[in-house]
Amino acid sequence: MTPPGASATATPTGPRLVAGRGDLSSAVERALRTGRPPAYTEASVRRADPWGEDLQLALYLLYELHYRGFEGVADEREWDPDLLRLRRELENLFHHALRNALTDAPRSVDEAFAPLLVEPVDPADSLSRHLETEGELWQLREYAALRSLYHLKEADPHAWVIPRLTGRAKVAMAAVEYDEFGAGDPRRLHARLFAELMTDLDLDPAYGHYLDHADASALATVNLMSLFGLHRSLRGALVGHFACVEITSSPGSRRLAKAMRRCGAGSAAERFYTEHVEADAVHEQVVRHEVVGGLLADEPALEPDVAFGCAATVLLEDRLGAHVRDSWASGKSALRSPLTPVEPRAEA
């Protein structure tokens, strides 16, 4: 709904809308294309699978209105009450499913983070380990296409928590985000570095280009950040998510840098991950001691939420990892539609 005296404007260069994958996502897609309210039934909401393609795509489309929007969609739809009403119903289902799946998860920060602070000697079931030791170039390309949904907006969802923090936590969070956004140099924006990685891998670096290739498990990892980021009541969970990402990033990035080098992916592809090895090792300490520590010093009652945010991150990353590994093990693409093959590159 356009405020009085304002004119509707549309995003001219945002990502393109994709086709729906069921009743709910199709209702959202049609609503955004036509400017009308979403046409759906309460029955379609009740029977929606919170982990499924339809609900996760519908949520992703609705959340994206708070980032860059979509080509041809009026900017004012971000606060359309009919779209917000549907979004609230869908994210309630998603949030409830997460809580149900994590009833036995740790409720203290020490319990939640302890397993992440000790890297397994042989993390054989991790995607980064597979890519480091035996991954092929086509698998690196698929991995990058899936991760592009987040990395091309890297750090954006977490920025929403800054005005909801105070003191030590606010200062430390702003400092880490400053690094994520290039430390004053637009050439070092982590999102830009990832776009350069994609170019090295002969992928399209346009924001949101691979949305239609991503399955529900990949969409859910991005939707989780948006769910936490858009709700002040979940600020503790967003801090927990951010801490989990920073704690696990450095070891995984080291393995992925080796994978890029081994497959001859290109210098920019390798640089994205080498940048994260050192930076995120530092960020981990700042986030754990200053962001999490500062938040809990101010609001100790949020500790279970911080632990939940960490556990939810691990849960969804494990689901995505299982999907990708199972697909590759059976000789199939992990994407909904395979990428165009490229010629193998010579060893560097």
Side-chain angles (χ1 to χ4, degrees), residues 1-3 6-21 25-36 38 56-84 86-88 90-91 94 144-163 177-178 180-182 185-199 203-214 216 218-231 238 241-242 245 272 336:
M1 181 178 294
T2 305
S7 59
T9 58
T11 300
T13 58
R16 293 183 178 180
L17 276 170
V18 298
R21 303 177 192 174
S25 53
S26 294
V28 174
E29 178 212 349
R30 287 192 298 269
L32 296 180
R33 289 191 190 280
T34 64
R36 297 172 182 168
Q56 290 297 330
L57 178 60
L59 262 184
Y60 189 97
L61 296 178
L62 291 165
Y63 283 144
E64 189 58 39
L65 298 175
H66 299 285
Y67 294 100
R68 301 194 196 178
F70 292 98
E71 180 181 349
V73 175
D75 295 341
E76 288 74 13
R77 298 306 298 279
E78 177 184 8
W79 298 109
D80 182 298
D82 296 306
L83 294 175
L84 290 175
L86 174 57
R87 195 196 89 192
R88 184 60 172 161
L90 301 184
E91 63 188 4
F94 182 35
L146 287 172
R147 289 300 191 188
S148 69
L149 296 183
Y150 165 59
H151 282 307
L152 293 179
K153 60 162 66 81
E154 186 167 344
D156 290 349
H158 300 115
W160 275 316
V161 83
I162 293 174
E177 288 283 88
Y178 178 70
E180 299 283 348
F181 290 131
D185 184 349
R187 295 169 300 178
R188 295 186 59 212
L189 271 166
H190 285 191
R192 177 169 177 169
L193 295 179
F194 196 81
E196 292 169 355
L197 171 149
M198 297 181 75
T199 299
L203 296 171
D204 191 324
Y207 179 92
H209 180 80
Y210 291 102
L211 173 56
D212 209 25
H213 289 72
L219 298 179
T221 63
V222 185
N223 286 339
L224 183 71
M225 290 180 279
S226 300
L227 169 68
F228 291 165
L230 286 166
H231 291 274
L238 186 62
H241 180 285
F242 191 55
V245 169
F272 175 80
R336 295 181 68 247

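Computed from a predicted model, the values in this text were never measured in an experiment. Along the sequence shown, residues carry numbers from 1.
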Go through the structure and list residues passing salt bridge (charged side-chain N to carboxylate O under 4.0 Å, His left out) with [X], not counting sequence neighbours.
X: Asp204; value: none
X: Arg36; value: none
X: Glu196; value: Arg192, Arg271
X: Arg30; value: none

I need the minimum non-hydrogen distance between [X] and [Y], along with the two atoms involved.
X: Asp82; Y: Pro38; result: CB-CD, 3.7 Å
X: His231; Y: Leu227; result: CD2-O, 3.0 Å
X: Gly69; Y: Pro15; result: O-CD, 3.3 Å
X: Thr199; Y: Pro205; result: OG1-CG, 3.8 Å
X: Leu197; Y: Ala144; result: CD2-CB, 3.8 Å
X: Glu78; Y: Leu84; result: O-CD2, 3.8 Å

**Q.** Within 45° cone and under 6.0 Å: Arg147 NZ/CZ vs Phe194 ring
**A.** no
Is there side-chain contact between [X] and [Y], with at least one heavy-atom pair below 4.5 Å?
X: His66; Y: Ser226; answer: no
X: Phe94; Y: Asn223; answer: yes
X: Tyr63; Y: Val222; answer: no
X: Trp79; Y: Leu65; answer: no
X: Asp156; Y: Phe181; answer: yes

Those residues at least two apart in sequence (or on a different chain) that pass ring pair (Phe, Tyr, Trp, His ring centres under 6.0 Å) with Tyr67 are Trp160
Across all chains, not counting sequence neighbours, the ring pair (Phe, Tyr, Trp, His ring centres under 6.0 Å) partners of His209 are none
- Query: Would Glu177 and Phe242 satisfy side chain to side chain contact (heavy atoms under 4.5 Å, CB included), going step by step from the backbone distance to the final call?
  - Reply: CA-CA 11 Å; Glu177 288 283 88; Phe242 191 55; 3.9 Å; yes
Looking at residues at least two apart in the chain, or sitting in another chain, which of them share a side chain to side chain contact (heavy atoms under 4.5 Å, CB included) with [X]?
X: Ala191; value: none
X: Asp212; value: Val18, Arg21, Arg336
X: Leu238; value: His158, Val161, Phe228
X: Ala214; value: Leu146, Leu149, Ala218, Leu219

Is there a side chain to side chain contact (heavy atoms under 4.5 Å, CB included) between Leu57 and Leu211 once you walk through the steps? CA-CA 9 Å; Leu57 178 60; Leu211 173 56; 4.2 Å; yes
Here the gap from Glu154 atom CD to Leu193 atom CG, rounded to the nearest 0.5 Å, amounts to 8.5 Å
The reported gap from CG in Leu17 to CZ in Phe70 (rounded to nearest 0.5 angstrom) is 5.5 Å
Exercise. List the steps and the verdict of side chain to side chain contact (heavy atoms under 4.5 Å, CB included) for Arg87 and Leu230.
Key: CA-CA 11 Å; Arg87 195 196 89 192; Leu230 286 166; 3.9 Å; yes
Sorted by chain and residue number, the side chain to side chain donor-acceptor pair (under 3.5 Å) partners of Tyr60 (sequence neighbours excluded) come out as Lys153
Contacts of Glu29 meeting side chain to side chain donor-acceptor pair (under 3.5 Å) (sequence neighbours excluded), chain-then-number -> Arg33
